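All remarks here apply to the structure that follows.
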Number of protein chains: 2
Amino acid sequence: MSSLRERRKAETRQLLQRQALRLFQRDGYDQTTMNAIAEAAGVSAMTVYRHFPTKEDLVIWDEYTPVSIEALSHSPADDPLVRRIGHALIQTANAATTPDHRDLLLARLQLMVEVPALRARHLDNQYATQDAIVTALCGDDPDPDQEFQTRAISGACLGATHIALVHWARTDGKQHLPTLIHDALTATFPADFT
Amino acid sequence: MSSLRERRKAETRQLLQRQALRLFQRDGYDQTTMNAIAEAAGVSAMTVYRHFPTKEDLVIWDEYTPVSIEALSHSPADDPLVRRIGHALIQTANAATTPDHRDLLLARLQLMVEVPALRARHLDNQYATQDAIVTALCGDDPDPDQEFQTRAISGACLGATHIALVHWARTDGKQHLPTLIHDALTATFPADFT
DNA sequence: CCTCAAGTGGTAGTTACTAACACTTTGATA
DNA sequence: TATCAAAGTGTTAGTAACTACCACTTGAGG
């Protein structure tokens with residue numbers, strides 16, 4: 001059920017994020033105040049905070065919330081963990097299909113790479129993703145040793161993936177993102193990953 | 001040359017960090033104001049900011065600044081990268097020898113695991129460490145492909161190391177930290193790492 | 001002893017963010 | 001259709017992290 005109210009809400013959210021990104025790119029992240037963003041979107045400052053609890057969230061929030069964790073639990077259980085996790089990560093990157101979505105992702109990532117506060121938040125988000133991966137693979141009440149191992153491997157996969165994201169942002173998205181992630185994983189796990 | 005002035009400076013820094021950590025542990029990070037820390041240390045708020053530019057730095061700053069990057073460039077160049085980087089990371093953890101240093105490290109890490117803002121900053125610091133590793137291994141003007149590979153591998157090693165740190169903090173430092181890091185790396189790279 | 005620079009304190013500001021209250025609009029029900 | 005509860009928005013006043021600026025004290029070196 002997509003009521004008028006929910007559609008308006010989604011529209012305001014989108015408008016706010018796009019105006020914020022525009023101003024961040026034009027004037028810099030630190031130089032842009034929340035009041036300026038509110039004004040640019042034609043709403044009050046409070047409304048911005050209602051939609052995005054912090055300034056960082058204006059960049060971090062992903063409209064499409066991809067993260068295909070689902071794919072993980074359905075992947076063949078006898079595959080090596082590195083391969084299962086890696087393919088899920090590549091698949092997530094493949095979700096950004098439309099040019100519009102891709103451009104938005106690129107603008108956000110470039111900010112996340114350049115601005116220290118955003119970079120930190122982004123890394124913490126990846127850490128949360130790692131938790132989700134471990135839960136998807138190990139269930140709610142796993143064997144501690146197995147969980148430790150799964151956590152280490154997913155941490156390593158995300159660490160490798162991250163540098164692919166940074167490289168993609170730094171080169172203005174010229175290369176194919178899923179391929180970049182694939183290359184980073186192959187460089188790290190030449191045996192397990194093909 | 002350790003003049004009186006420099007010694008006083010170092011003492012004030014230590015005092016400030018220890019008082020801050022004490023208050024953070026007692027009252028919580030967000031609940032503790034910079035003014036309260038200044039008061040507890042018997043200085044003005046301005047002085048706190050002179051020594052630690054942000055509140056986060058009170059926890060992040062490491063008196064001993066270990067990070068034995070030096071060891072990297074002196075490790076045998078024909079060893080696999082995973083082994084070279086891994087051993088350097090373990091060696092860094094081994095630097096925390098005295099009980100005092102260890103307790104301080106544990107208190108700081110526990111805050112870094114629990115408090116989102118600190119967790120994010122810590123991850124960003126690890127990212128900076130990754131840069132230092134890549135520079136130490138590849139030099140200043142490396143071959144792009146080789147740099148990409150090195151970056152991916154060190155990202156993966158740090159990702160695996162991070163979960164060892166988190167596990168150590170969560171279990172109140174009961175286990176041997178270098179061993180934990182070793183285990184995480186072994187779980188991730190069973191072939192390259194022994 | 002004198003001078004200079006480093007360290008410290010005070011004040012006034014900016015800005016992200018919160019709490020509390022009033023007002024408007026929307027969606028569903030009598 | 002009239003009405004009412006809930007969701008969304010605005011306003012105001014406040015807190016706390018951080019900065020810029022200026023004045024003061026104290027240690028280092030000639």
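Note on naming: letters A, B, ... go to the chains in the order of the sequence lines (proteins, then strands), and numbering restarts at 1 for each one. Note that the coordinates shown come from a computational prediction; the quantities given were computed from them, not determined experimentally.
Spacing between atom CG of B:D30 and atom P of D:dT15 amounts to 17 Å, rounded to whole angstrom units. In this structure, A:E6 places its CD atom 11 Å from P of D:dA7, rounding to the nearest Å. Taking atom CZ on A:R13 and atom P on D:dG8, their separation rounds to 11 Å, with Å as the unit. For the pair B:Q31 CD and D:dA17 P, the computed distance is 11 Å after rounding to whole Å. The CZ-C1' distance, from B:R5 to C:dA6, rounds to 4 Å in whole Å. Rounded to an integer number of Å, the gap from B:R7 CZ to C:dA6 C1' is 16 Å. Summarising the geometry, the separation between CE on B:M34 and P on D:dT15 is reported as 19 Å, rounded to the nearest angstrom. Taking atom CG on B:L58 and atom P on D:dC18, their separation rounds to 9 Å, with Å as the unit.
When the nucleotides C:dT25, D:dA28, C:dA16 are ranked by their closest atom to the side chain of A:T33, C:dA16 comes out on top. Closest contact between the side chain of A:T12 and the listed nucleotides D:dT9, D:dA6, C:dT8 involves D:dT9.
Atom CG of A:D141 is surrounded by 12 or fewer heavy atoms from other residues, nucleotides or ligands within 6.0 Å. Open room surrounds CZ on A:R8; 12 or fewer heavy atoms of other groups in view lie less than 6.0 Å from it. More than 12 heavy atoms of other residues, nucleotides or ligands shown are found within 6.0 angstrom of CD on A:E147.
Checked against side-chain hydrogen bond (donor to acceptor under 3.5 Å, both in side chains), A:D124 has the following partners two or more places apart in sequence or in another chain: B:R119. In this structure, the ring-ring contact (aromatic ring centres under 6.0 Å, His included) partners of A:H122, at least two apart in sequence or on a different chain, are A:H162. The side-chain hydrogen bond (donor to acceptor under 3.5 Å, both in side chains) search around B:R108 returns none, not counting sequence neighbours.
For C:dT26, its base never sits under 3.5 Å from the side chain of A:R8 at any donor and acceptor pair.
Hydrophobic clustering (ILVMFWY, side-chain heavy atoms < 4.5 Å, transitive): B:L158 and B:I69 are in one cluster.
Of all the residues in residues 39-56 of chain A, A:V43, A:S44, A:M46, A:T47, A:R50, A:H51 reach under 4.0 Å from DNA chain D with at least one non-hydrogen atom. Contacts between residues 16-28 of chain A and DNA chain D, counted as heavy-atom distances below 4.0 Å, involve no residue at all.
The stretch residues 129-151 of chain B participates, sequence neighbours left out, in these ring-ring contact (aromatic ring centres under 6.0 Å, His included) pairs: A:H167-B:F148.
Atom CD1 in B:I133 sits 11.0 Å away from atom SG in B:C138 (nearest 0.5 Å).
Proximity of B:K9 to the phosphate of C:dA6: no side-chain N or O atom is located under 4.0 Å from OP1 or OP2.
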